[in-house]
Enquirer: 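Sharing a structure with you now.
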Amino acid sequence: MASILWNMLSLLAALFCMLVSKCNGDGVIESLDFCSFFNNRSPSPQTNLRNCTWFMQNSCCKQEEIDATFGTVKPLPGSSPQCQRYTNYLMCYVCAPYQNMFYRHEKLTVCEEFCDAWYSACSSAILKGSVIGDLYTNGREFCEKRNYKCEPMQNQRCFFFDQSLDRLSASVTHKLGLTMLLTFVVIAMEFCCYPK
């Protein structure tokens with residue numbers, strides 16, 4: 001009886017694996033992407049994304065969902081631009097087409113390495129009236145107190161963001177810096193070169 005039950009469980013496990021996986025040309029099983037945050041719908045191109053733009057080609061979120069989510073979030077007092085970027089990267093997990101790898105059972109799993117970088121970037125920001133670096137001792141504790149599960153990246157079942165994907169942010173930061181510099185030059189020229 002036990003061997004029959006074991007065989008049935010093995011068969012069910014194999015069927016489940018086939019349902020959520022596919023074979024590539026080399027016969028290697030790969031995970032299928034689906035949007036576990038959005039009732040398991042399929043990711044699709046979203047060319048109108050204004051945030052999380054690195055997921056435009058294949059995204060789980062739509063612009064109106066980003067607006068609803070991000071519209072209520074305010075930067076932490078005293079947060080650096082780097083802290084705000086890490087927070088934005090984390091919030092963009094809802095757009096990741098492979099979110100089924102790290103968002104399961106309504107719980108987000110964040111890579112410990114990302115938590116450490118986020119904590120480091122935000123350690124001087126203010127949360128609940130205190131400096132984050134005084135409230136928490138490391139990134140793991142910071143993430144776990146945010147109600148995220150935290151695992152090492154080597155497990156490959158956690159959220160991590162590769163900053164090289166964020167070409168637009170770097171471009172916007174560069175353009176913003178140039179715009180501020182040009183504005184300063186124009187104002188300075190008005191004061192020194194065009195007397196009233």
Side-chain angles (χ1 to χ4, degrees), residues 35-38 43 46 49-63 65-104 106-184:
C35 307
S36 51
F37 187 82
F38 295 106
Q46 298 294 323
L49 291 182
R50 293 185 304 273
N51 196 344
C52 313
T53 54
W54 44 90
F55 292 123
M56 283 178 143
Q57 300 302 314
N58 197 24
S59 178
C60 278
C61 65
K62 298 176 180 171
Q63 184 57 47
E65 293 161 339
I66 290 178
D67 291 342
T69 301
F70 285 56
T72 61
V73 177
K74 304 290 181 240
L76 293 171
S79 63
S80 66
Q82 186 179 17
C83 173
Q84 292 172 26
R85 275 194 303 277
Y86 271 100
T87 304
N88 187 71
Y89 296 149
L90 182 63
M91 290 177 63
C92 285
Y93 85 88
V94 298
C95 298
Y98 45 85
Q99 64 182 239
N100 58 297
M101 299 296 288
F102 52 78
Y103 184 81
R104 294 179 303 278
E106 297 185 14
K107 184 86 166 179
L108 177 62
T109 302
V110 182
C111 293
E112 190 169 3
E113 295 81 354
F114 183 90
C115 290
D116 289 340
W118 186 34
Y119 170 77
S120 177
C122 296
S123 62
S124 62
I126 307 297
L127 179 68
K128 300 178 185 176
S130 298
V131 175
I132 289 174
D134 295 339
L135 287 172
Y136 310 105
T137 56
N138 56 45
R140 172 179 279 282
E141 182 184 11
F142 181 53
C143 278
E144 288 175 346
K145 294 295 183 176
R146 313 270 68 72
N147 203 27
Y148 304 133
K149 191 174 174 189
C150 189
E151 291 185 3
M153 191 176 357
Q154 68 189 24
N155 293 356
Q156 299 179 348
R157 307 277 283 150
C158 54
F159 172 82
F160 186 84
F161 184 74
D162 178 1
Q163 291 184 41
S164 69
L165 296 174
D166 187 10
R167 290 181 217 104
L168 184 63
S169 178
S171 172
V172 168
T173 302
H174 179 71
K175 287 178 185 173
L176 181 61
L178 286 176
T179 302
M180 290 173 63
L181 177 63
L182 288 173
T183 302
F184 175 75

Enquirer: Under 3.5 Å, side chain of Glu65 to main-chain N/O of Cys61, donor-acceptor pair present?
Expert: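 No, the answer is negative, given that no donor and acceptor are paired below the 3.5 Å cut-off.
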
Enquirer: For Asp67 and Arg50: C-alpha separation, side-chain torsions, deciding distance, then whether side-chain contact (heavy atoms from CB on, under 4.5 Å) applies.
Expert: CA-CA 9 Å; Asp67 291 342; Arg50 293 185 304 273; 3.2 Å; yes

Enquirer: Could you go step by step and tell me if Leu135 and Phe142 meet the side-chain contact (heavy atoms from CB on, under 4.5 Å) rule?
Expert: CA-CA 8 Å; Leu135 287 172; Phe142 181 53; over 6 Å; no

Enquirer: So, Gln84 versus Asn88: side-chain donor-acceptor pair below 3.5 Å or not?
Expert: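 No - no donor-acceptor pair under 3.5 Å links their side chains.
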
Enquirer: Distance-only, no hydrogens or angles: does the Thr72 side chain make a donor-acceptor pair with backbone N or O of Thr69 under 3.5 Å?
Expert: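 Side chain of Thr72 to backbone of Thr69: a pair is present.
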
Enquirer: Please tell me whether Tyr86 and Phe114 form a close aromatic pair, meaning their ring centres lie under 6.0 Å apart.
Expert: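 Centroid separation for Tyr86 and Phe114: below 6.0 Å.
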
Enquirer: Which class fits the ring pair Tyr103 and Phe37: parallel under 30°, tilted 30 to 60°, perpendicular over 60°?
Expert: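 The arrangement is perpendicular - the two ring planes meet at more than 60°.
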
Enquirer: For atom CD of Gln57, is the number of surrounding heavy atoms from other residues, nucleotides or ligands below 6.0 Å larger than 12?
Expert: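 Result for CD/Gln57: open.
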
Enquirer: I want to check something: taking the side chain as every heavy atom from C-beta on, are Thr87 and Leu76 in contact at a cut-off of under 4.5 Å?
Expert: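 No, too far: nothing below the 4.5 Å cut-off.
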
Enquirer: State whether the side chain of Thr53 and the backbone N or O of Leu49 hold a donor-acceptor pair below 3.5 Å, judged by distance alone.
Expert: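 Answer holds: no.
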
Enquirer: Do Asn51 and Gln63 have side-chain heavy atoms sitting under 4.5 Å apart?
Expert: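 No, too far: nothing below the 4.5 Å cut-off.
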
Enquirer: Stepwise, does the side-chain contact (heavy atoms from CB on, under 4.5 Å) test hold for Ile126 with Ile132?
Expert: CA-CA 6 Å; Ile126 307 297; Ile132 289 174; over 6 Å; no

Enquirer: Can you tell me which residue among Phe55, Trp118, Trp54 is in a ring pair (Phe, Tyr, Trp, His ring centres under 6.0 Å) with Tyr89?
Expert: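 Going through Phe55, Trp118, Trp54 one by one, the ring pair (Phe, Tyr, Trp, His ring centres under 6.0 Å) with Tyr89 is satisfied by Trp54 alone.
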
Enquirer: Could you go through the disulfide bond (SG atoms under 2.5 Å apart) check for Cys35 and Cys60 one step at a time?
Expert: CA-CA 6 Å; Cys35 307; Cys60 278; 2.0 Å; yes

Enquirer: Check whether any side-chain N or O of Gln46 sits under 3.5 Å from a backbone N or O of Ser59 as a donor-acceptor pair, and report yes or no.
Expert: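 Not confirmed, Gln46 side chain does not pair with Ser59 backbone.
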
Enquirer: Where do Met101 and Arg157 come nearest, in terms of heavy atoms and distance?
Expert: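 Shortest heavy-atom contact: CE-NH1, 3.0 Å.
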
Enquirer: Measure SG to SG for Cys115 and Cys143 and state whether it is below 2.5 Å.
Expert: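 Cystine link detected, SG atoms below the 2.5 Å cut.
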
Enquirer: Evaluate the pair Cys150, Cys111 and indicate whether the two SG atoms are within a distance below 2.5 Å.
Expert: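 No, the SG atoms are not under 2.5 Å apart.
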
Enquirer: Are Cys95 and Cys52 close enough that their SG atoms are less than 2.5 Å apart?
Expert: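 In this structure, Cys95 and Cys52 share no disulfide.
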
Enquirer: Between the side chain of Asn138 and the main-chain N/O of Arg140, is any donor-acceptor distance below 3.5 Å?
Expert: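 Pair found, side chain donor or acceptor close to backbone of Arg140.
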
Enquirer: Atom CD in Glu112, atom NZ in Lys149: separation rounded to 0.5 Å?
Expert: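 NZ of Lys149 is found 13.0 Å from CD of Glu112.
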
